[in-house]
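Below: the structure, in structure tokens.
The chains referred to below are lettered A, B, ... by the order of the sequence lines, with proteins before strands, and numbering in each begins at 1. The shown structure was predicted, so the numbers you read here are calculated from the model rather than taken from an experiment.
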There are 2 protein chains.
Amino acid sequence: MASIKDVAKLAKVAPSTVSLVLNQKGYVSDISRKKVEAAMQELSYIPSEMARNLSLSRTNIIGVIVPEISHPFFGTFIHAVEAELYGRGYKTMVCSTVQKANAEQDFVDMLRRRTMDGIIMGAHSLELDIYDNINRPVVAFDRFINDEIPIVHADHQSGGRIAAEAFLRHACHHIVQIIGARKVSSPANEHHEVFKQILCEAGIIVDTVEMAWNAFEPIDFSQIVENLFMEYPDVDGIFGPDLAICSCLRLAEQYGRHIPDDLRLVAYDGTYITRIGVRTITAIVQPIPLLAHFAVEKIITLIRGDVGEKLQALSVSLQQGDTC
Amino acid sequence: MASIKDVAKLAKVAPSTVSLVLNQKGYVSDISRKKVEAAMQELSYIPSEMARNLSLSRTNIIGVIVPEISHPFFGTFIHAVEAELYGRGYKTMVCSTVQKANAEQDFVDMLRRRTMDGIIMGAHSLELDIYDNINRPVVAFDRFINDEIPIVHADHQSGGRIAAEAFLRHACHHIVQIIGARKVSSPANEHHEVFKQILCEAGIIVDTVEMAWNAFEPIDFSQIVENLFMEYPDVDGIFGPDLAICSCLRLAEQYGRHIPDDLRLVAYDGTYITRIGVRTITAIVQPIPLLAHFAVEKIITLIRGDVGEKLQALSVSLQQGDTC
DNA sequence: GTGAAAGCGCTAACAG
DNA sequence: CTGTTAGCGCTTTCAC
């Protein structure tokens with residue numbers, strides 16, 4: 001492996017000059033530049049990122065922590081984040097936490113060790129004290145971590161309202177909402193409350209089913225939905241995450257329900273899976289690309305040491321489908 | 001930021017002793033160890049990964065290159081790879097190539113620059129010469145790159161055969177298969193050939209529709225399938241990637257087709273999306289977790305400098321669903 | 001404009 | 001068992 005010294009020696013200049021050429025910085029005479037370039041060519045020199053990292057004490061790597069990479073919501077988010085970061089010269093390290101003992105702690109340690117310059121944290125963590133006194137750039141994605149850490153999220157209150165209004169356009173009497181684990185501290189929890197409140201005021205019965213904090217697999221959702229049908233046989237409206245609503249649609253027939261006449265369904269998130277089935281699922285759509293954009297924007301601001309402006313909740317929209 | 005020297009000074013030992021304690025290597029007297037640990041505690045010392053990387057000239061980062069992270073097949077693959085790598089003390093850097101100008105070249109350059117210790121390459125690249133003379137650890141995931149680069153893939157020939165047999169159990173006359181771009185050099189192309197051959201021998205008409213090399217979005221598939229229905233109005237069997245078959249199922253009604261009686265569908269890949277719709281899609285299932293396992297196994301073998309054994313094609317299986 | 005030199009923070013011989 | 005020393009490869013003052 002040729003190093004900057006080898007290039008310097010061959011070009012008969014000092015290493016610092018090679019460095020200048022490499023980084024297109026400062027003034028280098030044309031003649032020196034040519035010599036250096038020729039030498040780099042001849043030695044097929046490739047600068048070492050590790051050395052540069054140590055010297056500059058940054059890696060240009062951002063970590064993204066999510067529960068599950070293959071989940072449509074998080075997968076789409078990571079895809080968008082990676083594209084944004086790439087456009088700004090950063091690399092993306094991914095970390096999934098579900099089904100791993102204390103992965104989140106490990107990832108945060110990497111941040112401390114300066115493996116990454118910052119992290120975007122969107123895992124469903126229960127122990128938030130690992131983020132205390134981090135003193136390094138962290139942006140939360142749809143999670144409340146602590147007062148120091150800025151948070152990027154959609155306007156879930158409005159999401160809850162829009163969903164409620166969708167049901168109100170029809171004559172539902174008993175609606176069940178499937179929600180994430182309450183102990184996961186997330187702004188997403190707000191949509192349940194708004195949703196329930198609006199519908200209750202309209203005289204509709206609203207029951208709530210809570211998922212386990214680590215439920216992400218299709219099988220988890222099937223079970224939840226089966227229990228739901230057993231427990232609330234007269235349910236005529238269900239509101240829940242995309243995959244849960246897919247399960248409802250899938251199991252409805254078995255339970256003798258016809259959609260949308262007997263049972264209306266509205267999904268929350270509105271990822272692509274609500275658009276690839278036989279019927280398009282009516283859904284509240286989170287603006288994932290925008291969320292990714294602002295998360296990246298923010299983490300880079302933090303890395304630069306700026307404060308930046310306070311983040312606004314991003315607008316959600318209704319996808320009118322065949323299920324409500 | 002406290003460094004190893006600060007710790008050494010405070011503990012009144014040499015930096016090398018601190019290093020030994022840190023890495024639990026060699027013999028260190030209990031008394032020295034205690035002093036070092038106390039000093040580390042007091043300074044809340046955190047070792048710098050960058051310095052260690054430079055010194056050891058490795059990063060413990062593996063890059064995974066795929067076309068699209070949110071795609072169910074690649075998302076599931078990345079998730080599994082990340083978990084495997086995590087278990088072995090490696091970190092996962094993701095790189096998506098679709099809709100980026102020359103991202104693949106950039107990622108390969110990172111490998112050269114030693115940003116990563118190795119890469120698992122699963123993108124749909126057209127220009128393979130960027131992998132010439134790399135001389136660094138690369139494992140191909142379902143792609144032929146060149147003779148030097150080992151490749152992990154499923155047994156697509158058997159996949160083609162099993163799919164053909166599925167159709168043969170019913171009375172199909174005209175089958176269309178939707179295939180990936182032929183110019184993407186992948187063992188996956190083998191399933192088309194076997195499939196076609198077996199069915200042709202049975203006297204069935206088999207037509208082939210080729211997708212663009214960069215088609216991954218649901219919308220891309222809709223268009224392909226619409227064209228297919230227009231061009232082959234008497235088609236009574238379709239074989240194609242999961243998302244394409246989803247589109248078939250979705251559009252069948254519009255074209256007055258009833259599934260499975262009028263039109264039989266078999267998907268290739270068998271990701272979770274074939275199991276979350278109203279009807280389970282009959283599919284050839286690629287063993288994604290196993291593929292991930294072997295890809296990781298292989299890249300680590302290469303990094304260690306071993307040769308390892310030649311990789312075998314991994315068995316695929318039939319998921320009997322409602323569509324064939 | 002360019003070179004010498006001092007780091008960045010850690011590891012690894014090699015003496016003692 | 002422990003300290004000394006010499007790197008790893010690049011960046012960056014600061015003289016000349």
Side-chain angles (χ1 to χ4, degrees), chain A residues 1-40 43-61 89 109-117 136, chain B residues 1-40 43-61 89 109-117 136:
Chain A
M1 279 283 83
S3 85
I4 204 169
K5 277 189 181 167
D6 302 320
V7 176
K9 203 169 291 172
L10 185 60
K12 296 192 204 309
V13 297
S16 55
T17 306
V18 178
S19 177
L20 291 180
V21 174
L22 210 55
N23 300 296
Q24 330 216 32
K25 267 188 186 169
Y27 290 92
V28 178
S29 67
D30 255 18
I31 172 111
S32 295
R33 163 168 290 107
K34 293 271 185 263
K35 284 195 297 183
V36 169
E37 279 164 356
M40 295 205 293
L43 296 170
S44 56
Y45 167 71
I46 293 156
S48 152
E49 184 113 22
M50 299 182 288
R52 152 177 294 215
N53 285 349
L54 176 59
S55 197
L56 299 174
S57 80
R58 54 161 183 60
T59 60
N60 279 2
I61 296 173
D109 284 348
M110 289 180 203
L111 181 64
R112 288 211 157 83
R113 287 205 182 84
R114 316 211 153 228
T115 304
M116 314 119 163
D117 291 349
R136 297 229 53 207
Chain B
M1 278 283 84
S3 85
I4 205 168
K5 277 188 181 168
D6 302 319
V7 175
K9 204 169 292 173
L10 185 61
K12 298 192 204 306
V13 297
S16 56
T17 307
V18 178
S19 177
L20 291 179
V21 173
L22 211 55
N23 300 296
Q24 329 216 33
K25 268 189 185 171
Y27 289 92
V28 179
S29 69
D30 254 18
I31 172 112
S32 296
R33 163 169 289 110
K34 292 271 186 265
K35 283 195 296 183
V36 169
E37 279 164 356
M40 296 205 293
L43 297 171
S44 57
Y45 167 72
I46 293 156
S48 153
E49 185 111 24
M50 299 182 287
R52 152 178 295 216
N53 285 349
L54 176 59
S55 197
L56 298 173
S57 80
R58 55 161 183 62
T59 59
N60 279 1
I61 295 174
D109 284 347
M110 289 180 202
L111 181 64
R112 288 212 157 84
R113 288 205 181 83
R114 316 212 154 228
T115 305
M116 314 122 163
D117 292 349
R136 297 227 55 207

Looking at A:S29, I'd like to know whether one of its side-chain N or O atoms comes within less than 4.0 Å of OP1 or OP2 on C:dT2. yes
Closest non-hydrogen atom pair, B:V13 against B:V18: CG2-CG2, 3.9 Å
Taking C-beta and beyond as the side chain, do A:R52 and B:R113 meet within less than 4.5 Å on heavy atoms? no
Could you tell me whether A:S19 contacts a base, only the sugar-phosphate backbone, or nothing, with contacts defined as non-hydrogen atoms closer than 4.0 Å? base
A:Y27 OH to C:dG3 P: how many Å, rounded? 19 Å
Atom CG of B:L54 to atom P of C:dG7: distance rounded to whole Å? 17 Å
Touch class at under 4.0 angstrom, heavy-atom based, for A:L56 against every strand present: sugar-phosphate
Phosphate OP1/OP2 of D:dG9: any A:R52 side-chain N/O under 4.0 Å: no
Answer with yes or no whether B:T17 presents, from its side chain, a donor or acceptor under 3.5 Å of a partner atom in the base of D:dG3. no
CG of B:N53 versus P of D:dG7: gap in Å, rounded? 21 Å
Length of the line joining B:M50:CE and D:dG9:C1', which is rounded to integer Å: 14 Å
d(CG, A:L20; C1', C:dA4) in whole Å: 14 Å
Donor-acceptor check, side chain of A:D6 to backbone of A:S3, threshold 3.5 angstrom: yes or no? yes
Give the rounded distance in Å between these two atoms: CE of A:M40 and P of D:dC10. 11 Å
For the side chain of B:D117 and the backbone of B:T59, is there at least one donor-acceptor N/O pair under 3.5 Å apart? yes
In this structure, how many angstroms lie between the C1' atom of D:dC8 and the CZ atom of B:R58, rounded? 13 Å
So which one's nearest nucleotide on DNA chain D is more toward 5', B:A14 or B:S55? B:A14
Under 4.0 angstrom, heavy atoms only, what part of the nucleic acid is B:V18 near: base, sugar-phosphate, or nothing? nothing
Does D:dC10 have OP1 or OP2 sitting under 4.0 Å from an N or O in the side chain of A:S16? no
So do A:D30 and A:R33 actually touch side chain to side chain, heavy atoms under 4.5 Å? yes
Just to confirm, is there a sub-4.0 Å distance from OP1 or OP2 of C:dC8 to any side-chain nitrogen or oxygen of A:S57? no
Is A:K25 near enough to D:dT12 that one of its side-chain N or O atoms lies under 4.0 angstrom from OP1 or OP2? yes
Specify the separation, in whole Å, of atom CD of B:Q24 and atom C1' of C:dA12. 18 Å
